[in-house]
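Here the structure is laid out as structure tokens; the discussion comes afterwards.
No experiment lies behind these values; they were computed from the predicted model shown.
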Amino acid sequence: MEFSELTEGHLKFRQEIREFVEKNITPLAMEIDRKSEFPSEIIKQMGQRGYLGIPYPKEYGGLGLDVLSYAIGVEEVSKVCASTGITMAAHCSLGAYPVYLVGTDSQKEKFLVPMVKGKVLGGFGLTETNAGSDAAATETTAKEVENNYLINGSKKFNTSGGVAGFFNITATHDKSKGVHGISAFIVERERPGFSVGKEEDKLGLRGSNTVELIFEDCLVPKENLLGNKYEGFKVFMKTLDGGRISIGAFALGIAQGALEASVKYVREHSLKSQLVQKMIADMSTEIEAARHLVYHAAYLEDHHGAFTKESAMAKLFASEVCLRAANFAIQIHGPEGLTKKYPVERFYRDGKLAEIGEGTSEIQRLVIARQILGRY
């Protein structure tokens, strides 16, 4: 059953990007994972087709489509190659969106336009060794020095950090002020004092580039302050509201990939047991429910409604459905599901990130509860 608000335009776009994925990504997905190889050529092709700027206005070089179309795009890419899907999602939601949200006209011209056109990837730095779910514990510092800010510290687990050109990061002016002392900044890769640490060797998403960002007396001009001073936490929380929709779509895509692989295997091997049928039924039902949650959150963002609770619900449910679907897929494939012959073991490894990235499942539950109960 299709989501009720899908238009002919949405269906046409889904078919378009599905055909692109089948032609350009499907043949390479297993090799990307096996070689832990960043899909640079695929990302270049996606940029040329506008898929790295789906929800952004045409005036900035985007496709001018809505967030629902973007969610569909992330889902379709992630269904086949989650490493490419997470690269797309992090760039669009975390790299480009903060600049679109609060950037000045000159910042949008300098940073947003190249990102939306796919000329350069964007990155996002929030997590630190001692500051992940508790962003108020940020230890990276910003000190005013004449017409610049001097940034010192580091950010961990930055998606595409080794290949991105621009980074949105947070730093505190005064740690004693907690979230009220944090500002957001745009840091260009070539800034003096900026460097990239080692690439992480990960369980899954092996084609996604994940690194530490290091700032050692990194000189950032004052015009790179993103939004108002001391409002960096607010900017990043608004960014994560939308980012949770993209991670929900990412998880949804992996889950759908696991279901389709399982259906194909069942048919090819004539598996007719009631247990297998139950697993297929449960996977399909939960994925359909997750899709409605993700699409509904995207629809609310498109129509300027409050969507903090809905995006958290979508991300929470879709990520947990993703892991259950991948687990069922391996069970259906039996011992072969643990081998590289089939993609389901990759889906299982790739999907775990969805329960952790952009707010763990535990944090999503806190967000949802606070939206319902208020802070008391």
Side-chain angles (χ1 to χ4, degrees), residues 1-7 10-11 13-14 18 66-80 82 85-86 89 93 241-264 266 274-303 305-332 344 347-348 350-369 371-372:
M1 182 176 66
E2 292 283 12
F3 180 65
S4 62
E5 300 299 334
L6 286 184
T7 65
H10 292 124
L11 297 176
F13 179 71
R14 180 163 65 188
R18 184 173 290 174
D66 56 12
V67 177
L68 181 49
S69 297
Y70 166 59
I72 289 169
V74 172
E75 177 188 355
E76 290 297 322
V77 173
S78 302
K79 182 172 73 175
V80 169
I86 198 65
S93 294
D241 276 348
R244 286 166 185 148
I245 295 172
S246 66
I247 293 297
F250 160 82
L252 179 60
I254 297 174
Q256 183 66 35
L259 174 61
E260 291 181 9
S262 298
V263 169
K264 180 181 179 184
V266 167
Q274 289 187 354
L275 179 58
V276 167
Q277 292 181 48
K278 178 185 181 300
M279 286 191 281
I280 292 292
D282 286 349
M283 291 167 72
S284 183
T285 301
E286 288 197 337
I287 289 168
E288 200 65 43
R291 181 170 291 111
H292 277 69
L293 278 173
V294 172
Y295 285 14
H296 176 61
Y299 178 83
L300 287 179
E301 183 175 4
D302 283 327
H303 293 81
F307 63 96
T308 297
K309 172 171 64 73
E310 287 79 7
S311 67
M313 286 179 167
K315 196 267 190 188
L316 170 65
F317 189 70
S319 64
E320 296 191 348
V321 164
C322 172
L323 265 292
R324 285 196 291 273
N327 184 54
F328 277 147
I330 291 175
Q331 290 295 109
I332 288 168
V344 291
F347 295 151
Y348 191 86
D350 288 345
K352 185 58 186 176
L353 178 278
E355 291 187 324
I356 297 172
E358 296 193 39
T360 63
S361 292
E362 292 77 12
I363 291 298
Q364 303 313 309
R365 288 181 166 90
L366 285 177
V367 170
I368 294 163
Q371 287 292 309
I372 295 170

Give a yes-or-no answer on whether the side chains of E2 and Y295 include a donor-acceptor pair shorter than 3.5 Å.
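No - no donor-acceptor pair under 3.5 Å links their side chains.
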Let's go through D66 and H10 carefully: what are the C-alpha distance in whole Å and the side-chain angles of both, what is the deciding distance for side-chain contact (heavy atoms from CB on, under 4.5 Å) to 0.1 Å, and is it a yes or a no?
CA-CA 9 Å; D66 56 12; H10 292 124; 2.9 Å; yes
Are the side chain of [X] and the backbone N or O of [Y] linked by a donor-acceptor pair below 3.5 Å?
{"X": "S78", "Y": "E75", "value": "no"}
{"X": "D241", "Y": "T308", "value": "no"}
{"X": "H296", "Y": "H292", "value": "no"}
{"X": "T285", "Y": "D282", "value": "no"}
{"X": "K315", "Y": "G359", "value": "yes"}

Could you report the tightest heavy-atom contact between [X] and [Y], atom names first, then the distance?
{"X": "V74", "Y": "G85", "value": "CG1-O, 4.4 Å"}
{"X": "L259", "Y": "M283", "value": "CA-CE, 3.5 Å"}
{"X": "R244", "Y": "A312", "value": "CD-CA, 4.3 Å"}
{"X": "A249", "Y": "A71", "value": "CB-O, 3.4 Å"}

Any side-chain heavy atom of I332 within less than 4.5 Å of one from V344?
no
L68 side chain reached by T7 side chain, heavy atoms, under 4.5 Å:
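No, every pair of side-chain atoms sits at 4.5 Å or beyond.
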Could you give me the CA-CA distance, side-chain angles and deciding distance for S311 and E301, then say whether side-chain contact (heavy atoms from CB on, under 4.5 Å) is met?
CA-CA 9 Å; S311 67; E301 183 175 4; over 6 Å; no
With rounding to the nearest 0.5 Å, note down the distance linking [atom1] in [X] to [atom2] in [Y].
{"X": "E358", "Y": "I247", "atom1": "CD", "atom2": "CD1", "value": "4.0 Å"}
{"X": "E355", "Y": "T360", "atom1": "CD", "atom2": "OG1", "value": "9.5 Å"}
{"X": "F328", "Y": "L275", "atom1": "CZ", "atom2": "CG", "value": "8.5 Å"}
{"X": "M279", "Y": "S262", "atom1": "CE", "atom2": "OG", "value": "8.5 Å"}
{"X": "I86", "Y": "S93", "atom1": "CD1", "atom2": "OG", "value": "9.0 Å"}
{"X": "I287", "Y": "F317", "atom1": "CD1", "atom2": "CZ", "value": "10.0 Å"}

Tell me, yes or no, whether the heavy-atom count around F13 atom CZ, taken from other residues, nucleotides or ligands under 6.0 Å, exceeds 12.
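Atom CZ in F13 is crowded, with more than 12 foreign heavy atoms closer than 6.0 Å.
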Determine whether E362 and L366 satisfy the following criterion, side-chain contact (heavy atoms from CB on, under 4.5 Å), listing intermediate values before the conclusion.
CA-CA 7 Å; E362 292 77 12; L366 285 177; over 6 Å; no
Check the pair I280 / Q277 against side-chain contact (heavy atoms from CB on, under 4.5 Å), numbers first and verdict last.
CA-CA 5 Å; I280 292 292; Q277 292 181 48; 5.7 Å; no
Under-4.0 Å salt bridge between [X] and [Y]:
{"X": "R18", "Y": "E260", "value": "no"}
{"X": "R324", "Y": "E286", "value": "yes"}
{"X": "E288", "Y": "R291", "value": "yes"}

